[in-house]
Structures are given as C-alpha cells and as structure tokens.
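We count residues from 1, following the sequence as given. One-based numbering, in listed order, for ligands and for the atoms of each. Note: hydrogens, waters and symmetry copies are ignored here, and every other heavy atom, side chains too, is used. Computed from a predicted model, the values in this text were never measured in an experiment.
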Amino acid sequence: MNQFSRRIFVAGNWKMLTTPAEAAALVKALKVKVVNIHQTEMAVCPPFTNLSIVAELLKGTAIKLGAQNLFWEEEGAYTGEISAKMLLGAGCEYVIIGHSERRQYFGETDATVNRRLKRALAAGLLPIVCVGETLAQRQAGETEKVVETQVRGAFAEISPADFAKVVIAYEPVWAIGTGVNATPEQAQEVHAFIRRLLENLYNRELSAGCRIQYGGSVKPANAAELMRQPDVDGALVGGASLQAESFAAIIKTAEDLDKG
Ligand code: 13P
C-alpha cells in the first residue's frame with residue numbers, strides 16, 4: 001500500500017500452459033506458500049479450461065482468480081468464444097484484456113480492447129488492461145506515442161466510475177519471455193507517463209489511485225527493484241508464475257516492500 005492507497009497487486013498469467021492436473025498441482029503448492037500474505041493482492045490467471053478447478057482449490061484463500069481474455073458479446077452463436085458471464089460463473093474476479101500476445105497473434109486492436117473492456121465492466125469483472133511497445137517502436141523513440149494511443153483507445157468512452165475499477169499492466173513486448181526486463185528506470189518512466197496521461201483523460205484523483213503493474217521477465221531477483229519504483233504497483237508475471245516457488249517469492253518481495 002502506498003500513500004495513494006494503491007494496494008500492491010501481483011498476478012500470474014499462465015498463458016497457454018498447464019493441463020488441469022498441472023494447474024491443480026501448481027495452485028496447491030502455491031496456496032500453502034502464501035498463507036501469511038495479508039497486504040499484497042494476489043491473483044492467478046489460468047487457461048479457461050482450468051478456471052473451475054483452480055477456483056475450487058482457491059476457496060478459503062486470499063488468492064483471486066482471473067481469466068486471460070473474454071469476448072465482447074453477451075452470449076450467442078460465437079463458436080469458440082467465452083463470455084463475461086461464463087467467467088463470473090467459473091469464479092473469476094479479474095480478466096486480462098489486450099495482452100500483447102493477443103495483439104500480435106490474434107488481431108487484437110485498440111478498438112477490440114475497448115469493446116472487451118466495456119463488456120467486462122458491464123458484467124462486473126475487474127479488467128487488467130495491457131499496453132506496451134515493441135522493440136522496434138522503442139528503438140524508434142515511439143514508446144510514449146504507442147502507449148498513449150493504446151491507453152486512449154482502450155479507455156475511449158469509459159466513464160470515470162468504471163475507470164476506477166481498472167488495473168493497467170505496462171508490458172514492453174521486448175521484455176516478455178525474453179529474460180530481459182525493463183530496467184527499474186525504464187519502467188518508472190513509462191508508468192509515470194501513463195499516470196500523467198490518465199490525469200489528462202480523467203483527473204488527478206483517479207490517476208493517483210490507478211494501479212499500474214509492470215510485466216515482462218519479472219522474477220524473484222528483479223521484483224524488488226521494479227516494484228519499489230513509485231509508480232509501479234505490482235507485477236503481471238508470466239514464466240515465473242508457473243512455479244509456486246518463484247511466484248511466491250515475488251509475492252513475498254511485494255509484501256516486504258515498504259512503499260510508505
Ligand atoms: P514473462 O514474465 O514470461 O516475461 O511474461 C510476462 C507477461 O506477458 C505477463 O502477462
């Protein structure tokens with residue numbers, strides 16, 4: 001928690017990994033390791049097929065459940081898609097929207113991010129909206145321009161009351177799964193930029209209250225220096241969330257931070 005009541009939030013994105021049996025084993029191992037975590041908010045985001053089994057195992061723990069995507073229509077003939085109501089029914093509180101892998105491989109655009117975001121909010125799911133530049137964009141000096149376009153696109157027509165429920169994840173594409181994390185300075189710079197932009201789009205209070213996670217090669221060894229940055233309010237963890245040991249270590253690091 002910091003002076004703006006931004007509770008540190010560490011979430012694990014399991015991506016397209018884990019069978020039901022593997023997911024059960026992972027969450028069983030994780031929950032015993034985090035029984036003493038009280039300040040830090042925790043969530044895991046398994047694949048759709050493992051949501052129900054993980055929800056069952058998370059009962060009575062402080063670990064929350066999230067999904068990795070949703071479709072924007074309420075229901076109907078959309079073969080292969082998953083609705084907000086299905087996610088809520090499976091026990092989800094959170095949903096990741098606009099992950100760069102969805103933008104890269106599945107045609108996600110700022111406009112479809114916006115549609116998914118509207119549906120999530122209307123249904124009562126808490127969105128984690130991902131933004132971030134590619135290596136080429138960073139090298140071309142376009143980081144702020146790209147992130148600004150993504151943020152403006154995602155939050156078009158989103159009311160202040162709805163915006164207050166949103167978590168943002170800054171995930172530089174070049175840092176995802178590469179082992180090369182953004183330096184704490186690079187992360188802080190973009191997080192502060194996003195916060196200034198949010199102040200423009202909404203107001204000072206909503207901007208100061210919005211949690212912005214960092215994602216991209218977060219591991220126990222770099223978690224403290226990243227999450228210690230004033231505008232970094234936690235982490236969205238991929239690879240290191242697939243092992244109970246390393247994910248719990250990142251959570252403990254968050255819990256031990258004193259961000260006054
Ligand atoms: P890695 O932690 O594996 O780099 O993945 C980050 C990510 O994409 C989380 O959504």
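- Both tests hold for Arg102 against Phe106: distance to the six-membered ring centre under 6.0 Å, angle to the ring axis within 45°.
- Taking a cut-off of under 4.0 Å to the non-hydrogen atoms of Ala175, the atoms of ligand 1 that pass are 4 (O).
- Of all atoms in ligand 1, listed by their number and element, those nearer than 4.0 Å to a heavy atom of Gly216 are 4 (O), 6 (C).
- Nearest to atom 2 (O) of ligand 1 by heavy-atom distance, out of Gly238, Ser100, Ser241, is Gly238.
- Residue contacts with ligand 1, taken as heavy atom pairs separated by less than 4.0 Å, involve Leu236 via backbone and side-chain atoms alike.
- Between Arg195 and Glu199 there is no salt bridge, since none of the side-chain N atoms of the basic residue sits less than 4.0 Å from a carboxylate O of the acidic one.
- Aromatic pair Phe193/Tyr170: ring centres not closer than 6.0 Å.
- Residue Gly239 has at least one heavy-atom neighbour below 4.0 Å for each of these atoms of ligand 1: 1 (P), 2 (O), 3 (O).
- The nearest pair of heavy atoms linking Arg6 to Arg211 is CB-CG, 3.9 Å.
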Show the atom names and distances, to 0.1 Å, of all donor-acceptor pairs under 3.5 Å that link a side chain in residues 72-92 to residues at least two apart or in another chain.
unit_1	atom_1	unit_2	atom_2	d
Ser83	OG	Lys85	N	3.4
Ser83	OG	Met86	N	3.1

Donor-acceptor pairs under 3.5 angstrom involving side-chain atoms of residues 42-53: please list them, not counting sequence neighbours.
unit_1	atom_1	unit_2	atom_2	d
Asn50	ND2	Thr18	O	2.9
Asn50	ND2	Thr18	OG1	2.9
Asn50	ND2	Thr19	O	3.4

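- Ligand 1 places these atoms under 4.0 Å from at least one heavy atom of His99: 7 (C), 8 (O), 9 (C), 10 (O).
- Listed by number with element, the atoms of ligand 1 under 4.0 Å from a non-hydrogen atom of Gly177 are 1 (P), 3 (O), 4 (O).
- Taking distance alone, with nitrogen or oxygen atoms compared against 3.5 Å, Ser217 approaches ligand 1 more closely than that limit.
- Listed by atom number, the atoms of ligand 1 under 4.0 Å from Lys15 heavy atoms are 5 (O), 6 (C), 7 (C), 8 (O).
- Side-chain atoms of Arg103 and Asp110, non-hydrogen and from C-beta on, do get closer than 4.5 Å to each other.
- In summary, the atoms of ligand 1 found under 4.0 Å from a heavy atom of Glu171, numbered by their order in the structure, are 6 (C), 7 (C), 8 (O), 9 (C), 10 (O).
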